[in-house]
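For this chain, numbers begin at 1 and follow the sequence in order.
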Amino acid sequence: MHKIAKPVAVFDERLKQLVADMADTMYDAPGVGLAATQVDVHEQVIVIDVSDTGKELRVLINPEIIWASEEMQVYDEGCLSVPGIYDGVERPARVKARAVDTDGKSFEVEADGLLAVCIQHEMDHLKGKVFVEYLSPLKRNRIKTKMQKEERELKLQKSGTR
């Protein structure tokens, strides 16, 4: 999860299939965003759908924030990579991002609310960062301890020694 993603250079069928697979994974989870690094593909690709219908897929390839508001907001974030953990993270309330689509065509998107949070959250993954890194050391340690405990319990269940 801490690997930095490389920019996409080739816009081909493999990329379109990656995006389709990522969208399926995100919807199945269910989640509202997914970065390629979360599925062990270290390329700058994110998929997002913050709609109520689940029919407004956004694909941002090689995204970059080109403007962020000075106004900040705290939003309770969760992550498919850190299941069951939610906490408040302060980020710019509004952003403008530039990205390209699966055909390599450039576009810009202005976002606020959940979409702004999601874009920033998923872009963090591309930089090798997870939302819990924004939390206090105490909260991070509690989360780490909880995840280690859950992992131990899962191993015990699998081995049948419970």
Side-chain angles (χ1 to χ4, degrees), residues 1-68 75-87 89 91-92 94-135 140 143-144 146-148 150-155 157-158:
M1 284 302 305
H2 294 289
K3 286 186 181 177
I4 296 173
K6 292 181 172 39
V8 172
V10 178
F11 297 81
D12 58 5
E13 285 307 310
R14 182 203 63 85
L15 177 64
K16 289 179 177 155
Q17 187 60 56
L18 171 64
V19 166
D21 292 345
M22 286 175 59
D24 288 344
T25 300
M26 177 188 69
Y27 289 127
D28 287 347
V32 295
L34 187 70
T37 52
Q38 292 176 277
V39 293
D40 205 26
V41 176
H42 302 286
E43 297 180 63
Q44 294 181 8
V45 179
I46 60 178
V47 295
I48 295 172
D49 188 340
V50 296
S51 72
D52 292 333
T53 62
K55 294 184 178 168
E56 295 178 26
L57 182 67
R58 295 173 183 260
V59 178
L60 288 82
I61 299 170
N62 301 338
E64 60 179 319
I65 301 285
I66 56 175
W67 175 84
Y75 209 96
D76 256 3
E77 295 186 29
C79 184
L80 298 177
S81 299
V82 192
I85 306 296
Y86 298 88
D87 212 318
V89 176
R91 298 183 185 272
R94 293 180 311 285
V95 295
K96 184 185 230 180
R98 180 180 301 129
V100 294
D101 64 18
T102 55
D103 295 317
K105 184 179 176 214
S106 182
F107 67 94
E108 292 181 0
V109 59
E110 291 185 36
D112 61 7
L114 180 57
L115 180 58
V117 171
C118 198
I119 288 171
Q120 294 171 83
H121 176 109
E122 299 308 330
M123 286 182 65
D124 278 349
H125 282 301
L126 301 180
K127 298 172 191 163
K129 192 169 186 175
V130 182
F131 89 96
V132 295
E133 294 175 45
Y134 288 97
L135 306 178
R140 284 196 310 267
I143 291 167
K144 185 177 180 182
K146 180 181 178 182
M147 291 182 74
Q148 287 171 338
E150 288 172 359
E151 191 174 316
R152 281 192 305 273
E153 288 175 357
L154 188 61
K155 284 180 183 177
Q157 287 174 351
K158 287 182 178 179

Nearest-0.5 Å distance, [atom1] of residue [X] to [atom2] of residue [Y]:
X: Gln148; Y: Ile143; atom1: CD; atom2: CD1; answer: 12.0 Å
X: Leu18; Y: Thr25; atom1: CG; atom2: OG1; answer: 9.5 Å
X: Glu64; Y: Glu108; atom1: CD; atom2: CD; answer: 9.0 Å
X: Leu126; Y: His121; atom1: CG; atom2: NE2; answer: 10.5 Å
X: Met123; Y: Lys129; atom1: CE; atom2: NZ; answer: 12.5 Å
X: Ile4; Y: His42; atom1: CD1; atom2: NE2; answer: 11.5 Å

State whether the side chain of Asp49 and the backbone N or O of Glu56 hold a donor-acceptor pair below 3.5 Å, judged by distance alone. yes

State whether the side chain of Gln120 and the backbone N or O of Pro92 hold a donor-acceptor pair below 3.5 Å, judged by distance alone. yes

Do [X] and [Y] make a side-chain contact, defined as non-hydrogen atoms from C-beta onward lying under 4.5 Å apart?
X: Leu154; Y: Lys158; result: yes
X: Val117; Y: Glu77; result: yes
X: Val10; Y: Leu15; result: no
X: Leu115; Y: Arg58; result: yes
X: Lys105; Y: Phe11; result: no
X: Ile85; Y: Lys146; result: yes
X: Pro63; Y: Ile46; result: yes
X: Pro83; Y: Glu150; result: no

What pair of heavy atoms forms the shortest contact from [X] to [Y], and how long is it?
X: Gly128; Y: Glu133; value: O-OE2, 4.0 Å
X: Gln38; Y: Ser81; value: NE2-OG, 2.9 Å
X: Ala35; Y: Met22; value: C-CE, 3.6 Å
X: Ile119; Y: Ala111; value: CD1-CB, 3.9 Å
X: Phe107; Y: Asp101; value: CE2-N, 3.7 Å
X: Ala29; Y: Leu80; value: CB-CD2, 3.5 Å

In Ile48, Leu57, Val39, the residue satisfying side chain to side chain contact (heavy atoms under 4.5 Å, CB included) with Met26 is Leu57

Going through the checks in order, is the side chain to side chain contact (heavy atoms under 4.5 Å, CB included) test met by Met147 and Glu151? CA-CA 6 Å; Met147 291 182 74; Glu151 191 174 316; over 6 Å; no

Would you sort out whether Val19 and Val47 count as a side chain to side chain contact (heavy atoms under 4.5 Å, CB included), showing the intermediate values? CA-CA 7 Å; Val19 166; Val47 295; 4.1 Å; yes

Residues Asp103, Lys16: salt bridge by 4.0 Å N-O rule: yes

Just to verify, what does [X] make a side-chain hydrogen bond (donor to acceptor under 3.5 Å, both in side chains) with, not counting sequence neighbours?
X: Glu43; result: Arg14
X: Ser106; result: none
X: Asn62; result: none

Would Asp21 and Gln17 count as having a side-chain donor-acceptor pair, cut-off 3.5 Å? yes

With side chain to side chain contact (heavy atoms under 4.5 Å, CB included) as the criterion, how do Asp124 and Arg91 come out once you've worked through the C-alpha distance, each side chain's angles and the decisive distance to 0.1 Å? CA-CA 12 Å; Asp124 278 349; Arg91 298 183 185 272; 2.9 Å; yes

